[in-house]
Amino acid sequence: MQQVAKRNVIVGQSGGPTAAINSSLAGVYRTAIDRGYKKVYGMLHGVQGLIEGRYIDLSEHITSALDSELLKRTPASYLGSCRYKLPEIFQDKELYEKIFKILEDLEIDCFIYIGGNDSMDTIKKLSDYAMLTGSDIRFVGCPKTIDNDLALTDHTPGYGSAAKYIGTSVKEVIRDGLSMRNAKGLVTVIEIMGRNAGWLTGASVLAKGEDCDGPDAIYLPELDFDVDAFVEKCRNLLKTKNSVVVCVSEGIHTADGKYVMELGENAEFVDAFGHKQLTGTARVLCNILSSELGCKARAIEFSTLQRAASHCASRIDINEAFEVGGAAMKAADEGDSGKMVVFVRTSSDPYAAETEVKDVHKIANDERLVPREWVTEDGSYVTPEFRSYVDPLIQGDVSPVMVDGIPRHLYKPGYQELLEQS
Ligand code: F6P
């Protein structure tokens, strides 16, 4: 049988960045080259940039083994990201024709998209269009999100490193609080990302160990948040402790569905997928605590830090991110389309996981939440099962390449300027 010559690959990154997303990019690149593809293009700012004809040739960026190692240790999306929702095919056929024309002009065989649930919507729509029109281009999703909320996978690359940062930083905040004396006590409220899923907030339990009691309370967005019960809990804790540390998800909401952050005065920003920007929850709660209890209250928002902290990355996470990039490329090379790579945990102790591919239609736009039984009855902490789940994902370290005492990232002269052009 005559072999059809392999042409090119294009890869993009989409949604919120992580500390491991570039390791997946390195994995896609390595496997594409090993499997005999001629060129690997990178979309600048995801599919949104592709539509504008913006892409790079990755071989000009990954020119050595050191570049590949630096890329794996570089946080944020090296190719630039987007939160762009493709219209339904019937709404704008011309747009799909335009995208496919760009892909054909670049002689693309495989399109790999590294992203979360919203980004998988792009893989779903493009693979549907390819099917409708008989195009041979294969579209495969590579999972990533610190939120860990993708359906059908045990976990997502990016989560382990963010969880490790959260556990580490919460522990440091607890230690800091122990060293101070505050006349009326101090409550520190730490706000953690994750939208409507509490995987990241639950990871604050990692602070707990022989040398640290861990946070005093943990509130996930899966359950309704009762502001009065929270104030009472803090009042009681302050009777025996001078410093109280509480971790809350940015997405906690009251029983009527209102985000706690909306109880304050926040300007509203909504993205293309209809997600409100969640910020200010800790500040709102601190204002309530100071006025109700008269104590000192400090709000800490981990914000961008928790997804950019590559200096505190988990080795398991960085290695798995690389592996999943390779698995997505392999799947596309072997003919899969409209699929996403998932992790199946085959053993927890010792930890082992394998990759499989699943239908992206069952994953896109869905949210996998923390099971109710992994939260305590009163809703103010996570159970030992949660801890056993997250523990293996944060193991091992990745030493940054230090230059002048600061971690070095992959850098190519002129590239940042190109990326910034919008
Ligand atoms: O998608 C992951 C995430 O980190 C969420 O946890 C968070 O709500 C959101 O991104 C923030 O995104 P942005 O940086 O676009 O405001």
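We count ligands from 1, going down the list as the structure has it; atoms in each ligand are counted the same way.
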To check you understand the geometry: which heavy-atom pair defines the closest contact between Tyr351 and Leu393, and what is its length? OH-CD2, 3.8 Å
Kindly confirm or rule out a cation-pi arrangement of Lys276 over Tyr259, judged by NZ or CZ under 6.0 Å from the six-membered ring centre and within 45° of its axis? no
Is the centre of the Tyr415 ring less than 6.0 Å from the centre of the His61 ring? yes
Looking at ligand 1, does Leu278 have a heavy atom less than 4.0 Å from it? no
Looking only at non-hydrogen atoms, find the nearest pair between Ser24 and Ala321 and report the distance. OG-O, 2.7 Å
Identity and distance of the protein heavy atom lying nearest atom 2 (C) of ligand 1: Asp147 OD2, 3.3 Å
Would a line drawn from the ring center of Phe139 to the ring center of Phe100 be shorter than 6.0 Å? yes
For Arg195, the ligand 1 atoms with a heavy-atom partner under 4.0 Å come out as 1 (O), 6 (O), 8 (O), 9 (C)
Are any of the side-chain heavy atoms of Leu263 and Val227 separated by less than 4.5 Å? yes
Out of Arg83, Met193, His275, Arg307, whose heavy atom is nearest to atom 1 (O) of ligand 1? Arg83
Going by the order shown, which atoms of ligand 1 are within less than 4.0 Å of some heavy atom of Ile146? 4 (O)
Quick test: of every protein heavy atom, which one is nearest to atom 7 (C) of ligand 1, and how far off is it to 0.1 Å? Glu250 OE2, 3.5 Å
Has Gly116 got any heavy atom lying under 4.0 angstrom from an atom of ligand 1? no
